[in-house]
Protein chains: 2
Amino acid sequence: MKRLGSQPDPDRRAPTMVDVAKLAEVSLATVSAVINDSAPVSADRKKRVLDAIRRVGYQTNAIARSLKTGSTKTIGLMIADITNPFFTAVIHSIQEVAYHHGYGVMLCCSDEDPEKERLHLRLMSDRMVDALIIATAGETPPLRALIDSRRKPVVLIDRLLDGVATDAVVIDNVAAARDAVRYLVSLGHRRIGLITGKSTLSTARERYQGYCQALAEAGIAIENALVGAARFGSADGYGAAMGLLSLAERPTAIFASNNLSGIGLMRGIKDSGLRCPADISVACFDDFEWADVFEPRLTTLVQPTRAIGAQAMAIVLEHLQDGGAQRSAARVVRMRAQLRIRDSCVMWPPPPGLST
Amino acid sequence: MKRLGSQPDPDRRAPTMVDVAKLAEVSLATVSAVINDSAPVSADRKKRVLDAIRRVGYQTNAIARSLKTGSTKTIGLMIADITNPFFTAVIHSIQEVAYHHGYGVMLCCSDEDPEKERLHLRLMSDRMVDALIIATAGETPPLRALIDSRRKPVVLIDRLLDGVATDAVVIDNVAAARDAVRYLVSLGHRRIGLITGKSTLSTARERYQGYCQALAEAGIAIENALVGAARFGSADGYGAAMGLLSLAERPTAIFASNNLSGIGLMRGIKDSGLRCPADISVACFDDFEWADVFEPRLTTLVQPTRAIGAQAMAIVLEHLQDGGAQRSAARVVRMRAQLRIRDSCVMWPPPPGLST
DNA sequence: TTGTAGGCGTTATCAT
DNA sequence: ATGATAACGCCTACAA
């Protein structure tokens, strides 16, 4: 079937610099010079070029430019779980400063699956992103190879990788978890449960460490039965919570070491017919918009999401501007999370005469 | 300062096809043929090429490929508010199917700002994305121009644009809002408040319409005082809620027409010393993971986020595969949202003898 | 089956 | 100040 001549041509070639050059009656080099302001051009010709650009509707072809310059002006962002408001906030911040500096962001979600991460890494690498910011789902050989090749800046966020020489921005997880558990202890709790994440994740390990430290300080022995393994997902969190809650000697407080497991925990408490905080106190990692609008208002550890993203981008930009100058030793920036005390933790044992 | 010879070369050139060809002692064309499987190659030479690829660590340079083929295999995704779990879920779904078909996703957040949207549009357009999926912050001339140029597929999601000839996938907002308000009416409510979004957004307008329809059906006059204007943000929602709640004759139920304004509403109720649902019933648009783990469990309108994303990508892929065949008339796919009844709405007036 | 050569749209180096 | 012209890395007729 023939194409109808009258319809708005769906696929005419996009105008290029040569179209502009022809119309303006100047050389290609001149057009390039005015576009990039890379060489002096007489006012007269400059105006002609600018006019021509407008007339033909010329737009830079960033692909061609990238091929020539070797820079795509886009950074790759790999996130383990885009469903998690913590990451969402970080993405937002990264995308904002990236754009502000003329960079685009290519997003990939590994869904906490190292295999998917591997594949996505390849996709972004092929597309020649200038740098990568990664919240990894767990180390893979290709990731390590990528970092070791030192061909492009890689900055890790949120999760660290052991013995990998690259920059990173994370929070002080042991201090954060310690703060939360210390607080629980200060309220009188002695049987404090923990819901952890996969031990392949540095965050999970560090938070576990913080939990142990706080307990040790208080002279409380750690009981394995009180730490429930989940994988930073709400379904897992639920399972772990149910385990903890059905213990013969139930914990009086539980610390959920990320926000999704916090959901699972709250759901578990509800399904067990228990009430928070009357029957059990809860603190959890990561703050979110809803944390204070329902009952109980949740006590959380709030992470500086905006700063994490901004810092990661700052490091990336620094590398990109140094143009691959010999980078100094890998540096890991540690930020602090802050305990936001609300209503989900109460004294234990409950003071007499307190209504539920 | 000289570069030290011993350090791991930070910026050696990435290997290209010619490096592979040399090592394998074949021609460039042969290498290309095996990489793209675009022509028959003898087993012997194929093996040599594959080996060489591995040995030099060759990776396709998608930029160069794109320049030649005219396709970047990446789709641009513009989202109005990445902080909103609804969009987050849609992004997730889009990115998943995109990846599954070998496409990358370039993400931009307009933050509900048409001006930012304009700028980001340009950024993605320059980078030659193959298609665009847009949850627009409001129409701008460049967006309309982009669509009218018909140079690349554009599919709108969530929000429609008046009189714009392009595909879209949205939900039936009037039906959804009508369902929610009908439900409130069926519970006995007559003074039902509404928190709307910016009237430049089709979703806000349609949801308002649904609200009006349900009221009309029930023979209830609509009172302007009962509809609070917000802009789909939680702070605005809070303001609007406070207005509604301080009315001399307070509504007995409020419908928040998106999730962020729902937060604001719940916060407002709390700050007013009111309780939900005892003092006031609440229903709101968009479901989210936390909606049922706190008190009260929220009654919401759940959107088929996964399907929305998948459908949008399906349309995009269809266009991309047709290779710009004359596309039929713009088609808008309407999906249904579903009312999920939980505990935040109760009968009015309250039956006697009901404890709070 | 394999190789040669031209071009995708830019940028950048060189003469002029 | 301006204009040819050669890359950038890949794909693809076309020729051998």
Side-chain angles (χ1 to χ4, degrees), chain A residues 11-50 52-53 56-74 102 125-130 151 323, chain B residues 11-50 52-53 56-74 102 125-130 151 323:
Chain A
D11 50 11
R12 65 176 175 286
R13 261 178 60 278
T16 72
M17 280 178 47
V18 327
D19 298 316
V20 174
K22 263 181 213 143
L23 189 74
E25 296 179 300
V26 298
S27 78
L28 212 80
T30 305
V31 177
S32 176
V34 353
I35 287 177
N36 301 308
D37 197 32
S38 54
V41 175
S42 70
D44 165 53
R45 300 173 92 85
K46 176 177 281 183
K47 184 177 177 315
R48 259 159 54 202
V49 169
L50 259 13
I53 286 180
V56 304
Y58 170 78
Q59 275 192 228
T60 299
N61 180 331
I63 295 300
R65 173 182 294 180
S66 292
L67 181 58
K68 187 61 185 160
T69 63
S71 158
T72 52
K73 283 290 198 176
T74 111
S125 187
D126 283 354
R127 279 171 181 68
M128 304 270 125
V129 296
D130 288 345
R151 266 219 266 284
Chain B
D11 50 10
R12 63 176 175 286
R13 258 177 66 274
T16 73
M17 278 177 46
V18 326
D19 297 318
V20 174
K22 263 183 213 142
L23 189 73
E25 295 179 300
V26 298
S27 80
L28 215 85
T30 305
V31 176
S32 176
V34 353
I35 286 176
N36 302 308
D37 198 30
S38 54
V41 175
S42 68
D44 165 55
R45 297 172 94 85
K46 177 176 278 182
K47 184 176 177 319
R48 258 157 58 200
V49 169
L50 259 14
I53 286 180
V56 304
Y58 170 78
Q59 276 192 229
T60 300
N61 180 331
I63 295 301
R65 197 218 286 288
S66 292
L67 183 57
K68 182 62 185 163
T69 64
S71 158
T72 52
K73 283 292 199 173
T74 111
S125 185
D126 283 354
R127 279 172 180 68
M128 304 270 127
V129 295
D130 288 345
R151 265 218 267 285

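Because the structure is a prediction, the values reported are computed rather than measured. Keep in mind that the numbers below use all heavy atoms, side chains included, and drop hydrogens, waters and symmetry copies. Note on naming: letters A, B, ... go to the chains in the order of the sequence lines (proteins, then strands), and numbering restarts at 1 for each one.
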### Task
Between protein and nucleotides 6-16 of chain D, map the contacts as a letter string: B base, S sugar-phosphate only, - none, heavy atoms under 4.0 Å, written 5' to 3'.
-BBBSBB----
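Taking 4.5 Å as the limit, every side-chain heavy atom of B:Val31 sits out of range of all side-chain heavy atoms of B:Tyr58.
Other residues, nucleotides and ligands contribute over 12 non-hydrogen atoms within 6.0 Å of the CD atom of A:Gln59.
A:Lys73 places its NZ atom 13 Å from the P atom of C:dT11, with the value rounded to the nearest Å. As a whole-Å value, the separation of B:Glu25 CD from C:dT2 C1' is 15 Å.
Within the 3.5 Å criterion, the main-chain N or O of B:Thr16 finds a donor-acceptor partner in the side chain of B:Asp19. No donor-acceptor pair closer than 3.5 Å links the side chain of B:Thr60 to the backbone N or O of B:Ala62.
Between A:Arg45 and D:dT2 there is a side-chain N or O to OP1 or OP2 distance below 4.0 Å. Considering only side-chain N and O atoms, A:Thr30 lies under 4.0 angstrom from the phosphate OP1 or OP2 of D:dG3.
Closest to the side chain of B:Ser42, out of C:dT1, D:dT2, C:dG3, is C:dT1.
B:Arg65 has no carboxylate O lying under 4.0 Å from a charged side-chain N of A:Asp126, or vice versa, which leaves the two without a salt bridge.
Bending across the helix from C:dT1-D:dA16 to C:dT16-D:dA1, expressed as the angle between its end axes from five pairs apiece, amounts to 40° (10° rounding).
Taken to the nearest 0.5 Å, the NZ atom of B:Lys68 stands 14.5 Å off from the CG atom of B:Asn61.
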